[in-house]
Amino acid sequence: MGNPNENISQSVAHWIAGRAEIGTSQRTNAVYNPATGQISAQVVLGGAAEVDAAVKAAQSAFRSWSDTPPIRRARVLFRFLELLNQHKDDLARAITKEHGKVFTDAQGEVTRGIEIVEFACGIPQLLKSDFTDQVSTGIDNWTLRQPLGVVAGVTPFNFPAMVPMWMFPLAIAAGNCFILKPSPIDPSASLMMAELLKQAGLPDGVFNVVQGDKEAVDAILTHPGIKAVSFVGSTPIANYIYETGARHGKRVQALGGAKNHMVVMPDADLEQVADALIGAGYGSAGERCMAISVAVLVGDVGDRLIPVLAERTRSLKIRNGLDLEAEMGPIVHAGALQRITGYIEKGVQEGATLVVDGRDFDASNTGEGCENGFWLGGTLFDNVTPEMSIYKDEIFGPVLSCVRVGSFADAVELINGHQYANGVSLFTRDGGVAREFGRRIEVGMVGVNVPIPVPMAWHGFGGWKASLFGDMHAYGEEGVRFYTRQKSIMQRWPDSIAKGAEFAMPTAK
């Protein structure tokens with residue numbers, strides 16, 4: 001493992017055993033500012049050597065950290081929480097410069113991550129176990145939840161601060177040591193959080209960062225020293241992570257892709273619906289796993305809503321995310337822009353009605369020096385049908401597809417037939433319809449007059465079907481269970497033990 005040197009100031013490095021490390025790999029990846037299209041840094045890409053170094057650092061720290069009383073671990077997290085609040089805007093600016101999302105959205109991302117840290121500070125209560133006195137004569141029985149050891153998280157580009165904070169605060173609060181493999185597209189937030197954890201007093205080796213691509217991911221999935229892996233990303237990769245990690249004996253939690261629908265009933269408040277669809281469809285340029293990408297318009301509501309949506313879509317304020325008036329920023333990188341525009345063309349070819357074409361967007365007013373950024377306007381399709389690619393596939397961009405159906409029952413059938421089942425929303429004034437929707441819809445996270453129903457920190461995040469591989473959702477009490485394992489202890493003392501061997505199955509006596 002190489003020592004820190006002057007190159008770190010120009011490069012985004014790893015964080016191993018409490019310090020920045022360049023590592024031995026010679027591979028790098030350019031980090032862009034999506035608003036300008038210019039390279040802002042180079043991130044080093046680690047591989048098996050860097051992962052192994054991080055595992056060894058974590059293993060060295062695990063015994064002492066796991067033996068640290070939970071209240072003392074919580075005190076470290078409390079100090080980290082205080083530092084996060086002090087540096088929230090610094091993190092948000094770094095996210096905007098590398099991801100492109102508008103600054104206020106980046107602030108919201110950091111805040112939602114902070115809420116998980118707040119929840120993790122309650123770890124002494126969350127780790128309380130069960131105890132039963134006198135389960136049999138002279139015998140007591142209790143359970144413990146103990147940490148797994150070294151665990152890892154592989155996180156996506158769209159939430160470089162929040163999604164890692166879905167994972168590591170609970171993992172380290174429970175006594176594990178953690179290795180984060182962030183996206184190489186926007187890696188700086190990972191090192192900023194590592195620095196804040198060190199300032200908070202976290203022992204070296206408890207939290208490590210290995211920058212990298214598939215080579216680092218494969219090293220994590222196959223390393224015998226890593227006991228569990230959490231992942232958020234696309235469904236094909238989630239499936240690969242799940243199968244590969246499980247094959248190598250790891251506990252795996254892999255959150256995949258989405259195609260989130262919003263059902264609009266004829267009785268809904270159309271101004272509220274328009275606000276919800278514009279914000280949930282085009283916020284963060286649609287690069288959210290909980291973005292609304294399909295509006296399911298019931299009955300005649302489409303005739304009234306489409307003109308309103310078209311006007312709102314055309315008037316989006318699309319600018320450099322650091323402009324506080326911006327409502328939407330650029331696409332994260334050139335490859336993503338090309339993929340999204342390809343889907344728009346495919347939608348036209350397959351017969352959907354292109355109401356607003358984001359490819360016509362004029363980038364001249366996006367900000368100084370931003371003419372060559374990765375820009376795309378909001379795109380709106382009408383008359384989309386279930387066999388079209390723009391309906392079936394996760395586009396992950398500012399493309400809203402409108403599907404018209406005749407009835408509420410048709411809407412439920414349509415959504416339940418989709419392979420993805422991450423999030424869904426319903427807008428209505430009818431309580432009976434809302435209740436039926438919540439019970440009948442086959443989706444993991446449901447909103448009623450809430451466009452993006454991301455659960456709060458103490459509940460837990462996760463979809464159904466091809467949107468989740470594994471049994472446990474992220475964060476909340478399920479997150480605590482994922483990062484711990486249960487041990488049952490039965491105990492009695494010599495003065496209560498009867499003489500003689502017992503050959504029958506033990507029973508309560």
ask   = Under the side-chain contact (heavy atoms from CB on, under 4.5 Å) criterion, do Trp166 and Met162 qualify, and how do the steps go?
value = CA-CA 6 Å; Trp166 285 1; Met162 183 185 74; 3.5 Å; yes
request  = Using only heavy-atom distances, determine whether the side chains of Thr24 and Glu50 contain a donor-acceptor pair under 3.5 Å.
outcome  = yes
request  = Could you tell me whether Glu109 and Lys101 have a side-chain N and a carboxylate O separated by less than 4.0 Å?
outcome  = yes
ask   = Strictly by modelled atom types, are Gln42 and Ser11 linked by a side-chain donor-acceptor pair under 3.5 Å?
value = no
request  = Find out whether Pro164 and Phe159 are in side-chain contact, i.e. whether some heavy atom of one side chain is under 4.5 Å from a heavy atom of the other.
outcome  = no
Exercise: identify the closest heavy-atom pair between Cys289 and Asn260 = O-ND2, 2.8 Å
ask   = Can you check side-chain contact (heavy atoms from CB on, under 4.5 Å) on Ile318 and Tyr282, steps first, answer last?
value = CA-CA 10 Å; Ile318 304 173; Tyr282 301 126; over 6 Å; no
key: Cationic N near anionic O, under 4.0 Å, Lys198 to Asp204   = yes
query = Do the non-hydrogen side-chain atoms of Leu324 and Phe103 ever get within less than 4.5 Å of each other?
reply = yes
task = To the nearest 0.5 angstrom, please state how far the CG atom of Asp90 sits from the CG atom of Leu84.
result = 11.0 Å
inquiry  = Closer than 3.5 angstrom, by distance alone: can the side chain of Thr244 be matched with the main-chain N or O of Leu221 as a donor-acceptor pair?
reply    = no
request  = Taking Lys181 for its side chain and Gly212 for its backbone only, find out whether a donor-acceptor pair lies under 3.5 Å.
outcome  = yes
ask   = What is the distance from atom OG of Ser401 to atom CG of Leu380, rounded to the nearest 0.5 Å?
value = 8.5 Å
ask   = Taking all atoms of both residues into account, what is the closest heavy-atom pair of Val44 and Gln211, and its distance?
value = O-CB, 3.1 Å
query = Can Tyr240 and Asp218 be counted as having a side-chain donor-acceptor contact under 3.5 angstrom?
reply = yes
request  = Give a yes-or-no answer on whether the side chains of Tyr483 and Ser230 include a donor-acceptor pair shorter than 3.5 Å.
outcome  = yes
key: Check against salt bridge (charged side-chain N to carboxylate O under 4.0 Å, His left out), Arg312 and Asp275   = CA-CA 9 Å; Arg312 296 284 297 275; Asp275 286 343; 2.9 Å; yes
ask   = Any Lys/Arg nitrogen of Glu82 or Arg79 sitting under 4.0 Å from an Asp/Glu carboxylate oxygen of the other?
value = no
query = Is the centre of the Tyr391 ring less than 6.0 Å from the centre of the His418 ring?
reply = yes
query = Taking atom CZ of Phe461 and atom OH of Tyr475, what is their separation to the nearest 0.5 Å?
reply = 6.5 Å
ask   = Does Asn176 use its side chain to pair, donor to acceptor, with the backbone of Gly149 at less than 3.5 Å?
value = yes
request  = Answer yes when Asp186 and Lys97 have at least one side-chain N-carboxylate O distance shorter than 4.0 Å, and no when they do not.
outcome  = no
query = Heavy atoms, side chains only, cut-off 4.5 Å: are Glu327 and Val102 in contact?
reply = no
ask   = What are the two closest non-hydrogen atoms of Val209 and Ala194, and how far apart are they?
value = CG2-CB, 4.4 Å
task = Compute whether any side-chain donor of one residue and acceptor of the other, for His99 and Asn158, lie under 3.5 angstrom apart.
result = no
key: Ionic contact status for Arg288 with Asp105, cut-off 4.0 Å   = yes
message = Tell me whether Arg73 contacts the main-chain N or O of Thr68 through its side chain, where contact means a donor paired with an acceptor under 3.5 Å.
response = yes
task = Measure across Gly463 and Met445 and return the closest heavy-atom pair with its distance rounded to 0.1 Å.
result = N-CE, 4.1 Å
task = Could you tell me which non-hydrogen atom of Asn422 sits nearest to which non-hydrogen atom of Met290, and how far apart they are?
result = ND2-SD, 3.4 Å
message = Walk me through whether Phe381 and Ile390 qualify under side-chain contact (heavy atoms from CB on, under 4.5 Å).
response = CA-CA 9 Å; Phe381 278 104; Ile390 58 171; 3.7 Å; yes
request  = In sequence, state the C-alpha distance, the side-chain angles, and the governing distance for Val210 and Ile179, and then conclude on side-chain contact (heavy atoms from CB on, under 4.5 Å).
outcome  = CA-CA 7 Å; Val210 175; Ile179 299 170; 4.1 Å; yes
Side-chain donor/acceptor of Thr366 to backbone N/O of Ala363, under 3.5 Å = yes
key: Over all atoms of both residues, closest heavy-atom pair of Val150 and Gly225   = CB-O, 3.5 Å
request  = Look up atom CZ in Phe207 and atom CG in Leu197, then write down how far apart they are to the nearest 0.5 Å.
outcome  = 5.5 Å
request  = Check for a donor-acceptor pair, side chain of Thr235 on one end and backbone N or O of Ala466 on the other, with a separation under 3.5 Å.
outcome  = yes
ask   = Quick one: are Cys402 and Leu309 in side-chain contact, heavy atoms under 4.5 Å?
value = yes
message = Could you check whether any side-chain N or O of Ser284 sits under 3.5 Å from a backbone N or O of Gly286, counting only pairs where one atom can act as donor and the other as acceptor?
response = no
task = Would you indicate whether Gln59, at its atom CD, is surrounded by more than 12 heavy atoms from other residues, nucleotides or ligands within a distance under 6.0 Å?
result = yes
message = Tell me if the CD atom of Glu311 is crowded by more than 12 foreign heavy atoms within 6.0 Å.
response = no
note = CG of Leu196 to CZ of Phe80, rounded to nearest 0.5 Å, is 6.0 Å
ask   = Is Thr36 reaching over with its side chain to a backbone N or O of Cys370, donor-acceptor style, under 3.5 angstrom?
value = no
ask   = Looking at CH2 of Trp15 and CE of Met192, how far apart are the two atoms once the value is rounded to the nearest 0.5 Å?
value = 12.5 Å
task = Decide yes or no for Val31 and Ile185: does some side-chain heavy atom of the first lie under 4.5 Å from some side-chain heavy atom of the second?
result = no
ask   = Do Asn29 and Pro187 come close enough that some side-chain heavy atom pair is under 4.5 Å?
value = no
ask   = Do the side chain of Glu345 and the main chain of Gly342 share a donor and acceptor less than 3.5 angstrom apart?
value = no
request  = May I have the step-by-step check of salt bridge (charged side-chain N to carboxylate O under 4.0 Å, His left out) for Asp393 and Lys259, ending in yes or no?
outcome  = CA-CA 7 Å; Asp393 299 345; Lys259 196 72 177 180; over 6 Å; no
Any side-chain donor near an acceptor of the partner, His261 and Tyr420, under 3.5 Å = no
query = Taking the side chain as C-beta and beyond, is there a heavy-atom pair between Thr379 and Val356 under 4.5 Å?
reply = no
inquiry  = As a quick check of understanding, evaluate side chain to side chain donor-acceptor pair (under 3.5 Å) for Asn449 and Gln272, giving each step before the final call.
reply    = CA-CA 9 Å; Asn449 299 318; Gln272 292 180 351; over 6 Å; no
CD (Gln86) with more than 12 external heavy atoms under 6.0 Å = yes
task = Assign the ring pair Phe157 / His333 to parallel, tilted or perpendicular, where the plane angle (0 to 90°) is split at 30° and 60°.
result = perpendicular
message = Tell me if a side-chain donor or acceptor on Glu98 pairs with a main-chain N or O of Ser188 at a distance below 3.5 Å.
response = yes
task = Please tell me if the side chains of Val384 and Val294 come closer than 4.5 Å, counting only heavy atoms from C-beta onward.
result = no
